[in-house]
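Since the structure is predicted, the reported quantities are computational estimates derived from the model, not experimental observations. Just so you know, these numbers use all the heavy atoms, side chains as well, and skip hydrogens, waters and symmetry mates.
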Amino acid sequence: MVQFQSANSPSKAISVHIHPKLRWLMLARVLFTALLLGATIIFQSRLGSTTNPLVGLIYVLIAAIFVLSLIYAALFPKITRHELFAFIQIAIDSFIVSLIVLITGGFFSLFTFLYLVVIIYASMILYLRGGLLIAIFSSIQYAALVIAQFTEVAPCLAAVADGSPGRLDGLYVTYKILITTAAGFAVAVLSGMLTEQNRKTQKELTTMEAHLKRVEKMAYMGEMAAGLAHEIKNPLASLVGSIQILKEDLRYNPDHERLMDIVLRETDRLGTLVNDFLFFARPPAGKPEILDLEEAICDIVQLFEKDTHHARHVEIKQTLSPGIRVLMDSAHLRQIIWNLLLNAAEAVSEDGRIEIHAVAIKNNEVSVHVIDNGCGIADNVIQTIFDPFFTTKSEGTGLGLSIVHRILEAYDSRLQVQSELGKGTTFSFTLKRSGKVH
Ligand code: ADP
């Protein structure tokens with residue numbers, strides 16, 4: 001499976017996810033406030049004018065939330081830092097919950113659960129880190145509120161405690177603060193972890209979907225074009241043969257010789273392209289054998305370094321763990337490594353650096369990386385580099401990576417790329433480790 005990762009900052013990605021959630025939060029807040037308004041009106045009409053005068057404060061609070069919602073809605077299209085905007089809104093929500101708790105009895109309030117609601121949506125929107133920050137903020141507010149009420153620091157708070165603060169037992173108060181704080185943190189961790197998990201699953205699904213689409217496209221194109229390529233191959237061979245005979249037998253002037261050479265060179269290029277394409281469209285099954293990966297990669301690198309046309313004297317640093325075996329067709333391995341080295345060599349300047357690593361990882365697998373410090377790949381191109389015929393080179397065929405992808409697919413492996421423009425590129429894939437070398 002092909003995966004790509006651009007060097008986009010994670011905060012940019014988070015910001016994209018936050019935008020719709022924030023809109024929902026703002027809507028839900030208005031609905032909740034309307035509900036609170038309705039409930040307060042019903043409550044007051046039932047109890048008449050004898051109700052607690054503090055209920056009046058609820059109306060002030062409701063009005064404040066409506067005004068805040070209007071301000072948020074006005075700022076929403078202009079704000080670029082959605083994460084910070086969401087954090088400020090949720091922190092204010094947590095403060096409003098403290099006011100609701102205070103008005104409705106502080107320590108005795110039935111509304112402390114609202115802190116948990118705020119922490120849950122903080123984790124859903126701002127992930128684990130945001131959830132934990134809001135849990136800390138809420139705990140501090142709740143503890144300060146209850147301690148102030150309990151110690152009569154603010155006597156007006158004692159009034160809402162439905163009686164003398166002396167009624168409150170110190171141990172019980174501490175116990176309740178601890179329990180509320182622990183509940184807040186537990187909720188933040190659990191919902192934060194769930195949201196993180198959900199985000200990962202979504203990302204995997206998107207990658208999987210992109211891969212499936214690519215495989216479908218490749219299979220379709222492959223089927224169509226393989227037949228055509230086959231048809232081209234035979235006439236091409238006859239053409240080359242005939243021209244070679246003509247070249248030897250005919251008498252012609254030097255200009256004609258130059259033209260003949262061009263025909264031969266171009267038919268040769270066409271032949272390579274057709275062969276590459278046939279390999280991509282219908283890769284040969286190959287004869288898997290147990291290979292010593294260190295040895296096999298060393299040989300390929302040596303050959304590559306000798307091929308002066310391609311390697312351009314760039315030194316290739318190898319970090320290969322010894323004793324790793326894989327079950328693979330040696331020609332397939334050569335094709336994969338060669339194509340990746342070739343791209344790396346073409347991407348780096350004269351004093352560039354190329355590294356190849358093969359290290360054992362968990363699950364009895366080996367991870368292979370081809371790293372270069374070359375030109376890197378632009379963000380808007382990285383998704384298309386695996387498409388057949390996509391190339392940014394004047395002489396490129398755009399089939400190198402498609403072939404690597406195709407071969408790795410046969411070994412249940414996926415080619416991944418990480419790149420940063422101007423800094424370099426890393427291609428990596430994993431292979432299953434195998435038993436002994438013959
Ligand atoms: P080709 O090499 O013929 O262009 P490939 O399929 O091998 O075809 O590569 C497709 C494109 O991917 C290249 O044209 C290049 O733009 C990009 N690419 C591949 N490897 C690298 C690399 N190591 N560094 C920068 N760009 C790369």
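- Taking the ring-ring contact (aromatic ring centres under 6.0 Å, His included) definition, one finds that Tyr411 meets it with His332, sequence neighbours left out.
- Across all non-hydrogen atoms, the minimal contact from Ser413 to Phe429 is OG-CB, 3.8 Å.
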**OP:** For Lys393 and Asn343, run side-chain hydrogen bond (donor to acceptor under 3.5 Å, both in side chains): C-alpha distance rounded to whole Å, both residues' side-chain angles, the deciding distance at 0.1 Å, then the answer.
**Re:** CA-CA 10 Å; Lys393 303 168 193 167; Asn343 277 337; 2.7 Å; yes
Original post:
Are Tyr72 and Arg29 close enough, and set up right, to give a side chain to side chain contact (heavy atoms under 4.5 Å, CB included), and what steps lead you there?
Top reply: CA-CA 11 Å; Tyr72 295 155; Arg29 188 184 291 116; 3.3 Å; yes
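- Taking CD of Gln89 as the start and CG of Leu84 as the end, the distance is 10.5 Å to the nearest 0.5 Å.
- Side-chain atoms of Ser367 and His369 include a donor-acceptor pair closer than 3.5 Å.
- Nearest heavy-atom pair across Glu294 and Gly323 is OE1-N, 4.4 Å.
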**OP:** Tell me, with the steps shown, if Thr430 and Val366 meet side chain to side chain contact (heavy atoms under 4.5 Å, CB included).
**Re:** CA-CA 5 Å; Thr430 56; Val366 50; over 6 Å; no
Original post:
Is there a side chain to side chain contact (heavy atoms under 4.5 Å, CB included) between Ser330 and Glu289 once you walk through the steps?
Top reply: CA-CA 7 Å; Ser330 56; Glu289 54 183 314; 3.6 Å; yes
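- Checked by atom type and distance alone, the side chain of Asn363 never pairs as donor or acceptor with a backbone atom of Glu365 at under 3.5 Å.
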**OP:** Quick one: do Tyr142 and Phe107 satisfy ring-ring contact (aromatic ring centres under 6.0 Å, His included)? Show the steps, please.
**Re:** CA-CA 9 Å; Tyr142 183 68; Phe107 181 80; 7.6 Å; no
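- Partners of Tyr59 under the side chain to side chain donor-acceptor pair (under 3.5 Å) rule, at least two apart in sequence or in another chain, are Gln44.
- For the atom pair CG of Leu431 and CG of Leu408, the computed distance is 6.5 Å after rounding to the nearest 0.5 Å.
- Inter-residue side-chain proximity for Ser139 and Thr180 is flagged as unmet; no heavy-atom pair is nearer than 4.5 Å.
- Between Gln149 and Gly105, the closest heavy-atom pair is NE2-O, 3.3 Å.
- Residues His19 and Phe76 bring their aromatic ring centres within 6.0 Å.
- Between atom NZ of residue Lys200 and atom OG1 of residue Thr195 there is a gap of 11.5 Å, rounded to the nearest 0.5 Å.
- Closest of all the heavy-atom pairs between Ile300 and Arg334 is CD1-CA, 3.6 Å.
- For OH of Tyr175, the number of neighbouring non-hydrogen atoms (other residues, nucleotides, ligands) closer than 6.0 Å is 12 at most.
- For Asp372, there are no salt bridge (charged side-chain N to carboxylate O under 4.0 Å, His left out) partners, not counting sequence neighbours.
- Heavy atoms of other residues, nucleotides or ligands lying less than 6.0 angstrom from CE of Met124 number 12 at most.
- Between the CG atom in Leu341 and the CD atom in Glu346 there is a gap of 11.0 Å [rounded to 0.5 Å].
- When side chains are defined from C-beta on, Val381 counts as touching Thr384, because their heavy atoms get closer than 4.5 Å.
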Acceptor/donor pairs from residues 396-403 side chains to any protein atom, 3.5 angstrom cut, sequence neighbours excluded:
| unit_1 | atom_1 | unit_2 | atom_2 | d |
| --- | --- | --- | --- | --- |
| Thr397 | OG1 | Leu399 | N | 3.2 |
| Ser402 | OG | Phe386 | O | 3.3 |

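- Side-chain contact between Val189 and Leu132 is present, with at least one heavy-atom pair separated by less than 4.5 Å.
- Inter-residue side-chain proximity for Arg353 and Glu355 is flagged as met; some heavy-atom pair is nearer than 4.5 Å.
- Taking CE of Met328 as the start and OG of Ser434 as the end, the distance is 12.0 Å to the nearest 0.5 Å.
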**OP:** Carefully, step by step, assess Glu409 and Arg414 under the rule side chain to side chain contact (heavy atoms under 4.5 Å, CB included).
**Re:** CA-CA 7 Å; Glu409 209 174 46; Arg414 54 175 75 177; over 6 Å; no
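- When Thr425, Asp379, Thr426 are each tested for a side chain to side chain donor-acceptor pair (under 3.5 Å) with Ser419, only one passes: Thr425.
- Side chains of Ile324 and Arg433 form a contact here, defined as non-hydrogen atoms less than 4.5 Å apart.
- When the salt bridge (charged side-chain N to carboxylate O under 4.0 Å, His left out) test is applied to Arg23, no partner is found at least two apart in sequence or on another chain.
- Between Val368 and Val359 there is no side-chain heavy-atom pair separated by less than 4.5 Å.
- Here the shortest heavy-atom pairing between Val274 and Ile232 reads CG2-CG2, 4.0 Å.
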Please output the side-chain donor-acceptor pairs of residues 114-123 that fall under 3.5 Å, not counting sequence neighbours, one pair per line with the distance.
| unit_1 | atom_1 | unit_2 | atom_2 | d |
| --- | --- | --- | --- | --- |
| Tyr115 | OH | Ser98 | OG | 2.6 |
| Tyr121 | OH | Asp93 | OD2 | 2.6 |
| Ser123 | OG | Ile119 | O | 3.1 |
| Ser123 | OG | Ala188 | O | 3.4 |
| Ser123 | OG | Ser191 | OG | 3.3 |

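- Between Leu36 and Leu61 there is no side-chain heavy-atom pair separated by less than 4.5 Å.
- For the side chain to side chain contact (heavy atoms under 4.5 Å, CB included) criterion with Ile407, the lone passing option out of Leu415, Asn339, Ile336 is Ile336.
- In this structure, Leu22 CG and Glu83 CD are separated by 11.0 Å, a value rounded to the nearest 0.5 Å.
- Remark: the backbone N or O of Glu295 is paired with a side-chain donor or acceptor of Asp292 at under 3.5 angstrom.
- Taking 4.5 Å as the limit, some side-chain heavy atom of Leu333 sits within range of a side-chain heavy atom of Leu293.
- Annotation for Cys298 and Gln318: closest pair SG-OE1, 3.3 Å, computed over non-hydrogen atoms.
- Electrostatic pairing of Arg199 and Glu196 counts as a salt bridge here, judged by a charged N lying under 4.0 Å from a carboxylate O.
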